[in-house]
Student: 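Below you'll find the structure I mean.
Residue numbers start from 1 in every chain, and the chains themselves are labelled A, B, ... in the order their sequence lines are given, proteins ahead of strands. Atom set for the values below is all heavy atoms of this structure, side chains included, hydrogens, waters and symmetry mates excluded. Fair warning: this is a prediction, and the values are worked out from it, not measured in the lab.
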Amino acid sequence: MPDMTIDDSLPPRIVGGGINTRESEQPVVVTQMLGIDDSEPVREEALRARFLSFDPLFDSASNLVAHQLVLRGRHTSADAPPELQQMDEDMLLTGLYSLIQSNLAGTLPLLVQISESVLFSDIPKQLNHRQLVWRINIENEQHLARALALQDAGLTFCPALNRAHPVVKESASAWRYLACNANDNPPGVAARPVVEGVRHAHTQAHWPEHAWFKGSFFSGDTQPADGSRELALQLDLLGIALRSSLDTLIQFVQLNPEMAPRLLAIAHSQVGGMSRPAESAAHALIMLGPQRASRVAALLALTGTRKCS
Amino acid sequence: MLSTANLALSVPLESLIRKLGLSANCARAFSVHGSAESAMLQLAYACENNDVDTLSAYAQQLDIPLHQISVAYLDALIAASALDAALQ
């Protein structure tokens, strides 16, 4: 059973800009933004096949109300070694760490799904931010006790409750958000349902007005097939350019630095119309302002984010 | 710019509308023929295809002078050329 207390005597798992959720005496940096550990080339290869994005959440009036930080790209298969599966979460949390370091611009809540092992680690407390909503699965009383303790400590959760467990199910009224499946019956509590797996427009009719919605109906599949990574990246970028804030666009570019050279090329061209050179892609977007930044990002999405595309 | 998105990304139009979460006006422009929004899009397509008859018809319907369309189209070509050069 996992330890249910926060042990500050343990070495921090956030190291050098990367996050290592494995039990290891030697911290391993897993971020592509802040360094790669040469002793583990598989990590670099895997990182290159992935990118971080923001899945949108909408309210019943189709207003954008929140995002969920997700990994896209090549999917680690279910029968892959646990270390490789764990790497997905490491990368997600590393991206989150990077966002927190740059002050997590914007005002909308950001959902981040974490596993049981991370729930019982010190990572949620170390990374906590007022905009963060931790998406967790609560299967039993141990999970419940841990999440309630962290909630008392100021963290915000959006749990999916095991409805077959009477004590867990009874806790529905204790949460601010509740993760629900589109096929579930709405919970009869004041918590805001965050309805996942929405594939059809008519799903929204079954849910209360204050519910939020997320699913492939809005954002496409989270894990595109092999070979479609570039397309998924282009679609994400185009969607963010069209409907999200400049802050979100900047965060997306910072999380996916490989697109920076072409973004800068467009920004510095006659189309971008910048009067002086920018020092970085984020700097260029700020200099351009929301409207022109959106146009430059849309052009980047349509022309491909990498030269080979 | 969006008029070319489904072609540039090789994604079916309906899928693109859904995945991008386009506003109701944009979605209507793409999917409903006969609306004011779609007339503008059809005009853009006619421009791209050098379809003079269709272009004239939509220009008349939208009350946009032909010379204004020509200037806008030339501007777009110059911008596209500059973009192409920047990305080489």
Student: So what's closer than 4.5 Å to chain B heavy atoms on A:Leu302: side chain, backbone, both or neither?
Tutor: both
Student: List the atom of B:Ala82, the atom of A:Ser269, and the distance in Å for their closest heavy-atom pair.
Tutor: O-CB, 4.4 Å
Student: So for A:Leu299, is it side chain, backbone, both, or neither that comes closer than 4.5 Å to the heavy atoms of chain B?
Tutor: both
Student: Just how far is it from atom CD1 of A:Ile266 to atom CG of B:Leu83, taken to the nearest 0.5 Å?
Tutor: 5.0 Å
Student: Report, in residue-number order, which members of residues 46-57 of chain B are under 4.5 Å from chain A by heavy-atom distance.
Tutor: none
Student: Name all residues meeting the ring pair (Phe, Tyr, Trp, His ring centres under 6.0 Å) criterion together with A:Phe54; count only those two or more places apart in sequence or in a different chain, and write none if there are none.
Tutor: A:His67
Student: Please check if the number of heavy atoms outside A:Met287 that lie under 6.0 Å from its CE is greater than 12.
Tutor: yes
Student: Are A:Thr303 and B:Asp84 close enough that some pair of their side-chain heavy atoms sits under 4.5 Å apart?
Tutor: no
Student: Name every donor-acceptor pair, under 3.5 Å, that has one atom in a side chain of residues 270-280 of chain A and the other anywhere in the protein, sequence neighbours excluded.
Tutor:
from     : atom 1 : to       : atom 2 : distance (Å)
A:Ser280 : OG     : A:His283 : N      : 3.1

Student: Can you name the residues that form a side-chain hydrogen bond (donor to acceptor under 3.5 Å, both in side chains) with A:Asp59, not counting sequence neighbours?
Tutor: A:Asn63
